[in-house]
Amino acid sequence: MSREMNDRYFPQEIEKKWQQIWDETNLYHAEMNEDKPKYYFMDMFAYPSGDLHWGHIRNYTIGDVVARYKRHCGYNVMHPTGFDAFGLPAENAAIKRKVHPRDWTMMNIANMQKQFRAMGYGYDWQRSVVTCQPDYFKWNQWFFIQLFKKGLAYKKRSAVNWCPDCQTALANEQVVDGICERCEHPVVKRMMEQWYFRITEYAERLLAGHDNISWPDDIVAMQKNWIGKSQGVEFAWKINGHDKAFRVFTTRPDTVYGVTFMVLAPEHPLVDEITTSEQISEVQKLRSEVAKLSEIDRAATDLEKKGAFTGAHAVNPMNGELVPIYIANYVMMDYGTGAIMAVPAHDQRDFEFARKYDIPVTIVIAPEGTDLDAFKMTAAFVAEGNMVNSAEFDGMPSDDGWEKIADKMEETEIGNRTINYRLRDWCISRQRYWGTPIPMLYCEKCGIVPVPDEQLPVLLPDDIEFTGSGQSPLTTSESFMNTTCPNCGGHARRDADTMDTFMDSSWYFLRYCSPQVEDKPFNPEDIKYWMPVDMYVGGREHATMHLIYARFFTMALHDMGLVDFDEPFTRLFNQGIVTAGGKKMSKRSGAVPPNDVVNDYGADAARIFIMFMAPAGERAEWGIDPATGKPYTVPPGIEGIARFLNRIWRMVALNKAVYRLEWRDSIEVLEMGPLERALRRKTHQTIIKVTHDIERMQFNTVIAAMMELLNEISSFSPDSNDIYADVNVPWSEAIEMLLRMLSPFAPHIVCEIFDILGIDGDMPYLPWPTGDVKVAANESLEIPIQVNGKLRSKLVVPVGIDKDTMQELALNDDSVKKYIEGVSIVKIIVVPGKLVNIVVK
RNA sequence: GGGUGAGUGGCGAAAUUGGCAGACGCGCCAGACUUAGGAUCUGGUUCCUCACGGAUUGGGGGUUCAAGUCCCCCCUCGCCCACCA
């Protein structure tokens with residue numbers, strides 16, 4: 001049964017062999033099975049950038065460990081993977097290396113798949129999704145049209161980042177510190193027609209949904225912050241001498257009597273109409289200055305506040321006062337109404353502006369007990385207080401005033417309470433080639449027409465030029481752009497833009513459930529069985545983009561009746577980043593691929609190393625090699641892991657004959673000596689700790705616990721002369737249990753050893769061991785004895801000893817005695833099973 | 001500025017509810033076996049002190065018999081958001 005075993009451990013041969021067996025037997029493919037509870041585990045799929053690095057390895061090893069663990073626990077586990085294959089780098093590579101983005105992408109995918117396999121990840125490759133393939137993005141287009149039909153996709157003119165040198169629109173990611181990534185010219189804003197998804201309509205549900213999912217608090221906080229709900233009042237201001245009015249939004253209606261000026265965003269449409277002829281040049285000067293700024297500079301808090309007077313005045317609807325109207329660089333067109341009422345006494349930005357332009361400051365909220373001096377104050381008073389200078393509202397606490405003034409505005413129909421969100425609609429259009437073509441046509445007669453279902457997918461043309469300048473690359477393909485209107489048969493042009501790649505990642509978890517189905521995006525039965533995703537693992541950087549978009553998308557599908565849940569991911573876990581020299585390891589900052597470690601020490605060692613080096617949720621510092629000044633290609637700590645695996649291997653190799661499958665039959669009834677009992681106790685204590693720590697995603701301590709067990713087994717001597725000796729029974733249990741716990745972390749070595757020992761070949765599905773609490777219970781305890789909180793002695797006592805006996809033993813302990821002689825004992829604290837503390841004076 | 005996480009030996013770190021600070025591992029030191037191999041095994045390793053002993057979880061205060069852990073103030077670092085009206 002048992003076969004030959006080399007004394008030395010050669011991971012390379014073993015690992016290749018098992019990877020091939022797993023592939024050939026399709027071992028990790030999951031099918032629906034109503035007899036088992038399902039577990040849908042997903043990690044965030046990778047962008048095929050070329051090589052995996054240790055950031056990926058950390059993410060995907062966590063995933064593989066949890067998926068394997070859940071499989072051992074009896075779940076029907078689906079653990080798929082795929083590639084987020086559209087995106088900008090492929091296009092840049094195309095321009096730079098004269099290679100088609102598709103070829104570059106597919107080459108990288110092939111390489112990364114090889115690396116995934118070499119790590120021994122148990123993916124269900126049959127369910128793989130590659131987003132740049134037509135059978136996937138066809139459904140992006142179909143969903144887009146469904147959203148359009150529901151009124152959730154719409155077209156709007158809006159400002160985009162524009163590089164005047166490249167003559168092209170840029171994605172936000174291409175704008176680095178206000179500079180075009182490619183040509184290093186400053187980026188400006190330009191108005192363009194773009195497609196948007198109405199995510200703002202789901203703001204309230206996105207907030208409410210947080211209650212139904214168990215996600216980390218910080219991610220929920222980030223999303224809430226991003227959605228940015230604020231309650232306030234929106235009300236109208238008339239312009240003096242005009243029939244025009246404009247609306248402002250404020251969260252501080254209680255300060256309305258303190259308004260001393262108004263500010264419009266420089267882009268506000270009313271500016272042209274109200275600016276007086278004397279002020280035109282000044283206003284135009286500021287407008288062009290602001291237009292030149294990039295969005296990033298514009299939004300910088302430390303940007304000097306600048307404004308220009310329009311020459312017009314507005315009428316305060318509450319008291320009829322006239323206040324000047326300015327434009328200023330600190331008011332944004334795309335939040336609220338693009339206009340604000342300015343209360344310098346109680347808003348810091350307004351205060352700075354008022355001081356600079358010599359605008360009066362009127363105090364309307366007085367802090368409790370003191371008076372403010374409008375001339376002397378050096379900062380706005382933003383807290384609550386009592387209303388002053390506010391007509392009939394004087395004397396009220398400001399929070400009451402808030403409500404009363406809002407009531408009055410509603411009664412007099414000046415304005416009403418509203419809620420504003422920071423969240424903006426999701427801009428889907430990208431002036432890029434390597435993405436999903438937007439399936440919309442523009443007919444001269446019929447206007448905007450969606451591509452009919454039977455013409456999907458709209459494929460990407462190959463007769464395009466990657467010049468890196470001019471318009472969206474698709475416009476260079478005449479064969480793509482010109483088509484026929486499905487309504488009237490006349491000439492139509494296609495939308496030249498492609499979709500944001502966040503569209504691709506908003507539903508890939510649904511496609512994993514039905515990867516091959518052709519006539520719909522997924523089968524309802526598959527979704528019903530597998531969804532929602534039980535655990536989703538990935539980086540925190542996706543907190544406010546991908547993870548909001550995917551939730552919105554699922555809610556929208558729910559409302560269309562396509563799915564019957566509205567939260568896609570029940571549980572979320574964020575692994576920490578891998579840093580090198582304190583900076584995040586990424587392709588740009590010198591990422592280290594796993595190849596050297598895998599080649600030298602094997603995938604099992606690589607997997608354990610990355611799990612052992614830091615708690616999974618926290619930052620892990622990879623380390624800089626002092627010899628090169630660069631991140632280690634092979635970090636020194638890997639030696640410890642290699643030793644650990646080597647010791648396990650040698651222990652089995654040297655004692656192979658001692659291991660007997662039949663240990664199970666006798667372990668419960670055997671009379672054991674203290675050494676045997678101690679080993680068995682440690683085995684079961686380890687099972688309990690390991691299980692508990694895997695459940696709480698604390699893998700570093702899991703590995704430490706297994707190392708401790710190995711140390712315990714190492715110091716235990718089995719009897720190799722008599723393989724039937726009783727001592728070999730707990731030894732066999734210990735070694736088998738260690739291996740079974742190790743298997744999610746180091747599956748290759750465990751498969752190999754199990755095969756050698758003749759343990760069931762269906763290893764990945766072997767049940768997870770259960771720790772016996774009774775066996776794990778200690779027989780005696782070492783109790784610290786403190787005097788005044790200082791450790792003075794230790795006592796070994798039997799478990800369950802009563803308080804009085806313990807106190808007695810402590811007081812009679814020789815090394816304690818010298819600290820309590822000649823002083824009076826104030827108090828004795830005895831915590832059963834924990835400690836004794838004698839307080840003396 | 002807002003949010004959020006963190007700060008423990010030479011290094012990575014451990015310590016579910018307040019109860020022996022430093023588990024486990026790296027590195028280092030000593031030894032064993034080897035006729036120097038970066039293999040393996042054994043012992044040691046927070047700091048100060050020859051020692052007795054003392055100090056110690058970023059700093060300072062507090063609560064408690066007892067604080068890395070709870071409370072208050074401060075410092076430093078990471079990440080996310082950021083003139084949001």
Side-chain angles (χ1 to χ4, degrees), chain A residues 8 216-226 228-230 232 234 248-252 255 263 265 296 298-305 328-332 334-343 347-350 352-353 420-424 539-541 543-544 574 576-577 579 582-584 608-609 612-615 617-623 635-641 643-644 646-647 650 692-693 696 698 700-708 710-711 714 782-794 826-831 833-840:
Chain A
R8 285 193 59 195
D217 293 344
D218 61 327
I219 300 291
V220 171
M222 276 188 227
Q223 290 205 344
K224 285 198 191 301
N225 201 10
W226 184 264
K229 179 178 183 172
S230 55
E234 196 180 299
V248 300
F249 173 76
T250 182
T251 54
R252 292 294 303 272
T255 65
V263 187
I296 290 152
R298 173 86 186 273
T301 322
D302 52 3
L303 185 70
E304 192 193 355
K305 288 180 181 48
N329 59 357
Y330 74 98
V331 173
M332 307 290 149
D334 51 8
Y335 181 78
T337 60
I340 62 160
M341 60 173 222
V343 186
D347 181 283
Q348 186 58 27
R349 292 154 303 175
D350 298 344
E352 286 168 29
F353 191 86
N420 237 296
Y421 299 95
R422 217 179 60 94
L423 183 72
R424 321 244 168 108
R540 265 183 198 86
E541 66 274 21
T544 50
N574 300 114
I577 54 169
T579 58
K583 286 194 191 115
K584 182 178 175 177
I608 294 181
F609 178 71
F612 183 58
M613 71 184 289
E618 278 165 41
R619 181 197 68 98
E621 169 59 31
W622 181 255
I638 189 79
E639 283 293 341
I641 307 303
R643 273 176 213 148
F644 172 58
N646 259 305
R647 285 175 62 204
R650 270 199 318 277
H692 183 252
D693 282 1
R696 62 182 186 124
Q698 271 262 336
N700 54 333
T701 50
V702 168
I703 292 159
M706 292 193 289
M707 287 172 167
E708 279 189 56
L710 175 65
N711 291 344
S714 297
E782 198 181 44
I783 300 294
I785 313 298
Q786 300 178 331
V787 179
N788 281 353
K790 290 218 156 109
L791 180 68
R792 294 304 179 192
S793 183
K794 288 182 181 184
V826 181
K827 196 182 204 180
I828 302 174
I829 314 282
V830 182
V831 186
K834 284 275 165 68
L835 57 34
V836 178
N837 188 12
I838 303 164
V839 186
V840 299

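Reckoned from all heavy atoms, side chains included, excluding hydrogens, waters and symmetry mates. Lettering of chains follows the sequences in order, A, B, ..., and the numbering in each one begins at 1.
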- Task: Syn or anti for G68(B), please, going by whether the chi angle lies within 90° of 0.
- Result: anti
- Can you tell me how far C1' of C79(B) sits from CD1 of I219(A), to the nearest Å? 10 Å
- Query: Hey, is the side chain of K584(A) pairing donor to acceptor with the base of C79(B) inside 3.5 Å?
  - Reply: no
- Item | Set of residues satisfying side chain to side chain donor-acceptor pair (under 3.5 Å) with respect to E541(A), sequence neighbours excluded | none
- Base, sugar-phosphate, or nothing for P615(A), non-hydrogen atoms under 4.0 angstrom? sugar-phosphate
All N/O contacts under 3.5 Å from nucleotides 5-11 of chain B to the protein, with atom names and distances to one decimal?
none

- Item | Whole-Å P distance, U4(B) and C72(B) | 14 Å
- Query: Any salt bridge between R252(A) and D347(A), counting N to O under 4.0 Å?
  - Reply: no
- Task: Provide, to the nearest angstrom, the distance between the CZ atom belonging to R540(A) and the P atom belonging to C81(B).
- Result: 13 Å
- Query: Taking the inter-plane angle between the rings of Y330(A) and F353(A) on a 0 to 90° scale, is it parallel (under 30°), tilted (30 to 60°) or perpendicular (over 60°)?
  - Reply: tilted
- Message: Looking at N420(A) and S230(A), would you say the former's side chain and the latter's main chain have a donor-acceptor pair under 3.5 Å?
- Response: no
- Find which nucleotide of RNA chain B each of K790(A) and S714(A) is nearest to by heavy atoms, and output the residue with the more 5' nucleotide. S714(A)
- Smallest heavy-atom separation, P635(A) atom then F609(A) atom, equals CG-CE2, 3.5 Å
- Item | Reading 5' to 3' through nucleotides 43-48 of chain B, protein heavy-atom contacts under 4.0 Å coded B for base, S for sugar-phosphate only, - for none | ------
- Query: How would you list, by chain and number, every residue that makes a side chain to side chain donor-acceptor pair (under 3.5 Å) with K834(A), sequence neighbours excluded?
  - Reply: none
- Task: Determine the Euclidean distance between corresponding C1' atoms of G3(B) and A82(B); express it in Å to zero decimal places.
- Result: 10 Å
- Message: Less than 4.5 Å apart, side chain to side chain, heavy atoms only: is that true for Q223(A) and V220(A)?
- Response: no
- P gap between C29(B) and A39(B), integer Å: 13 Å
- Note on the structure: By the Watson-Crick or G-U definition, both distances under 3.5 Å, U69(B) is matched with none
- Between V248(A) and I340(A), is any pair of side-chain heavy atoms under 4.5 Å apart? no
- Message: Rounding to an integer number of Å, can you tell me how far N574(A) CG sits from U4(B) P?
- Response: 16 Å
- Does the side chain of R650(A) get closer than 4.0 angstrom to OP1 or OP2 of A39(B) through an N or O atom? no
- Rounded interatomic separation in angstrom, taking CD from E621(A) and P from C79(B): 12 Å
- Rounded to whole Å, the CZ-P distance (R792(A) to A66(B)) equals 15 Å
- Note on the structure: Per atom distances to the R619(A) side chain, the nearest of C65(B), A13(B), A82(B) is A13(B)
- Rounded distance (Å) that lies between atom C1' of C83(B) and atom CZ of R422(A): 12 Å
- Task: Please report the C-alpha distance between V331(A) and R349(A) in whole Å, then the side-chain angles of each, then the deciding distance to 0.1 Å, and finally whether the side-chain contact (heavy atoms from CB on, under 4.5 Å) criterion is met.
- Result: CA-CA 10 Å; V331(A) 173; R349(A) 292 154 303 175; over 6 Å; no
- Item | Heavy-atom pair of closest approach, residues E621(A) and G623(A) | OE2-N, 3.0 Å
- Item | Rounded C1' spacing from A66(B) to C70(B) in Å | 13 Å
- Query: If we only count heavy atoms from C-beta on, is the N788(A) to V839(A) side-chain gap below 4.5 Å?
  - Reply: yes
- Note on the structure: C28(B) -> Watson-Crick or G-U wobble partner, both distances under 3.5 Å, gives G44(B)
- Query: Between A13(B), C81(B), A85(B), which nucleotide gets closest to the side-chain atoms of T251(A)?
  - Reply: A85(B)
- Message: I need the minimum non-hydrogen distance between N329(A) and E304(A), along with the two atoms involved.
- Response: ND2-O, 2.9 Å
- How far does the P atom of G19(B) sit from the matching atom of U69(B), given to the nearest Å? 10 Å
- Query: Quick one: on RNA chain B, does A221(A) or A620(A) contact a more 5' nucleotide (nearest heavy atom)?
  - Reply: A221(A)
- Message: Please give the distance between the C1' atoms of G12(B) and C28(B) as a whole number of Å.
- Response: 15 Å
- Task: Using the P atom as the reference point in each nucleotide, state the distance between G78(B) and U8(B) in Å, no decimals.
- Result: 15 Å
- Message: Considering every strand and a 4.0 Å limit on heavy-atom distances, what is the contact class for K229(A): base, sugar-phosphate, or nothing?
- Response: nothing
- Message: Under the criterion side-chain contact (heavy atoms from CB on, under 4.5 Å), I'd like the reasoning laid out for I641(A) against M707(A): C-alpha separation, chi angles, the key distance, then a yes or no.
- Response: CA-CA 10 Å; I641(A) 307 303; M707(A) 287 172 167; 3.9 Å; yes
- In whole angstrom, give me the gap between the C1' atoms of G43(B) and C65(B). 38 Å
- Query: Given that both distances must come in under 3.5 Å, which nucleotide forms a Watson-Crick or G-U wobble pair with G18(B)?
  - Reply: none
- Query: Which nucleotide, in any strand shown, forms a Watson-Crick or G-U wobble pair with C83(B), with both distances under 3.5 Å?
  - Reply: none
- Looking at residues at least two apart in the chain, or sitting in another chain, which of them share a side chain to side chain contact (heavy atoms under 4.5 Å, CB included) with S714(A)? R647(A), M651(A), L710(A)
- Spacing of W622(A) atom CH2 relative to A13(B) atom C1', expressed in whole Å: 16 Å
- Item | Complementary nucleotide for A13(B) - Watson-Crick or wobble, under 3.5 Å | none
- Query: How would nucleotides 18-27 of chain B be written as a contact map, 5' to 3', with B for base contact, S for sugar-phosphate-only contact and - for no contact, using protein heavy atoms under 4.0 Å?
  - Reply: -BB--BBSSS
- Note on the structure: R8(A) CZ to A39(B) P, in whole Å, measures 11 Å
- Query: So do the side chains of Q786(A) and I829(A) get within less than 4.5 Å of each other, counting heavy atoms only?
  - Reply: no
- Task: Check whether any side-chain nitrogen or oxygen of R349(A) sits under 4.0 Å from OP1 or OP2 of C84(B), and answer yes or no.
- Result: yes
- Query: Who does G5(B) pair with, Watson-Crick or G-U, both distances under 3.5 Å?
  - Reply: C77(B)
